[in-house]
Amino acid sequence: MHRAVAVAKRGHWPSSQAAAAVTLDYDARYRRRISLDCGSFGRVLLDLPEASVLAEGDGLKLKDGGWIHVHAALEDLLEISSVDSFSLVRIAWHLGNHHCPTDLSASRLRIRRDHVMESLLRGLGCSPIPVRAVFNPEKGAYHEAGQGHGE
């Protein structure tokens, strides 16, 4: 089995030299060690020194040479927009209060599709729209500092 031992961010690896590709949802893109199915190339053991968040276009460096191209999978999400910025900030506050991972942009929020959260959003007067898109939730302050709640 091949071993991937390092991550290079999009644009910082020779993508033309990719031996294979792997498509992963958000949960599978935050890993340290996992077996990846790379289609006809076979299985690749992701074996990193520490957990990393993999993004669309990143490269996984194989121990024996070569690269694996990372693709972010489309996921079932709810897209939330609002008529004004205050309402959107208010909705974001409620999502954070429920510890709901949220993908942020200036004009919309995206969360994983969930009937309980959808009901909460409707109760706040919003009409979330189901979409299939890449999910890149905001990382928390503890994650940014390289810490967890228990550290």
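Of all heavy-atom pairs spanning Arg29 and Ala55, the tightest one is NH1-CA, 4.2 Å. Among all heavy-atom pairs drawn from Asp114 and Val116, the shortest one is OD1-N, 2.9 Å. Residues Pro101 and Phe135 share a closest heavy-atom pair of O-CZ, 3.5 Å. Of all heavy-atom pairs spanning Ala28 and Asp25, the tightest one is N-OD1, 2.9 Å. In terms of heavy atoms, Cys38 sits closest to Val22 at SG-CB, 4.0 Å. Looking at every heavy atom in both residues, Val134 comes nearest to Leu74 through N-CD2, 3.9 Å.
One finds no salt bridge joining Asp58 and Arg10 here, because no Lys/Arg side-chain nitrogen approaches an Asp/Glu carboxylate oxygen to under 4.0 Å. Salt bridge status for Asp27 with Arg112: present, with a side-chain N to carboxylate O gap under 4.0 Å.
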Verdict with reasoning, Leu36 to Leu24, per side chain to side chain contact (heavy atoms under 4.5 Å, CB included): CA-CA 9 Å; Leu36 303 171; Leu24 305 168; 3.9 Å; yes

Derivation and outcome, side chain to side chain contact (heavy atoms under 4.5 Å, CB included), residues Ile111 and Leu95: CA-CA 9 Å; Ile111 63 171; Leu95 293 172; 3.8 Å; yes

Criterion side chain to side chain contact (heavy atoms under 4.5 Å, CB included) on Arg31 and Leu54, from CA distance to verdict: CA-CA 8 Å; Arg31 296 294 175 145; Leu54 306 173; 5.9 Å; no

Worked verdict on Arg32 versus Glu50 for salt bridge (charged side-chain N to carboxylate O under 4.0 Å, His left out): CA-CA 5 Å; Arg32 184 191 82 74; Glu50 59 187 37; over 6 Å; no

Val5 vs Leu48, side chain to side chain contact (heavy atoms under 4.5 Å, CB included): CA-CA, chis, key distance, verdict: CA-CA 5 Å; Val5 295; Leu48 302 174; 5.7 Å; no

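Side-chain contact between Asp76 and Arg132: present, with at least one pair of heavy atoms (C-beta onward) separated by less than 4.5 Å. The closest side-chain heavy-atom distance from His69 to His71 is below 4.5 Å. Taking the side chain as every heavy atom from C-beta outward, Pro137 and Arg110 never approach each other to under 4.5 Å. Using a 4.5 Å heavy-atom threshold, the side chains of Asp37 and Arg43 count as touching. In this structure, Ile91 and His94 have side chains that are not in contact, with every pair of non-hydrogen atoms separated by 4.5 Å or more. Between Asn136 and Val53, every side-chain heavy-atom pair lies at or beyond the 4.5 Å cut-off.
In terms of modelled atom types and a separation under 3.5 Å, the side chain of Trp13 and the main chain of Ala18 share no donor-acceptor contact. Not one N or O on the side chain of Arg108 forms a donor-acceptor pair closer than 3.5 Å with the backbone of Ser81. Looking only at distances, no side-chain donor or acceptor of Glu79 sits under 3.5 Å from a matching main-chain atom of Ile129. A donor-acceptor pair is defined here as one N or O able to donate and one able to accept, closer than 3.5 Å; such a pair exists between the side chain of Glu75 and the backbone of Tyr26.
Lys9 NZ: more than 12 foreign heavy atoms inside a 6.0 Å radius.
Summarising the geometry, atom CG belonging to Leu104 is positioned 10.0 Å from atom CD1 belonging to Ile80; distances are rounded to the nearest 0.5 Å. For the atom pair CD1 (Ile34) and CG (Leu45), the distance works out to 9.5 Å, reported to the nearest 0.5 Å. To the nearest 0.5 Å, the span separating CG on Leu88 from OG on Ser105 amounts to 8.0 Å. For the atom pair CG of Leu78 and CE of Met117, the computed distance is 9.5 Å after rounding to the nearest 0.5 Å. Residue Asp47 holds its CG atom at 11.5 Å from CG of Leu60, rounded to the nearest 0.5 Å. Note: Ser35 OG to His2 NE2 = 12.0 Å, rounded to the nearest 0.5 Å.
Linking Ile, Leu, Val, Met, Phe, Trp and Tyr whenever their side-chain heavy atoms come within less than 4.5 Å puts Phe41 and Val7 in one cluster.
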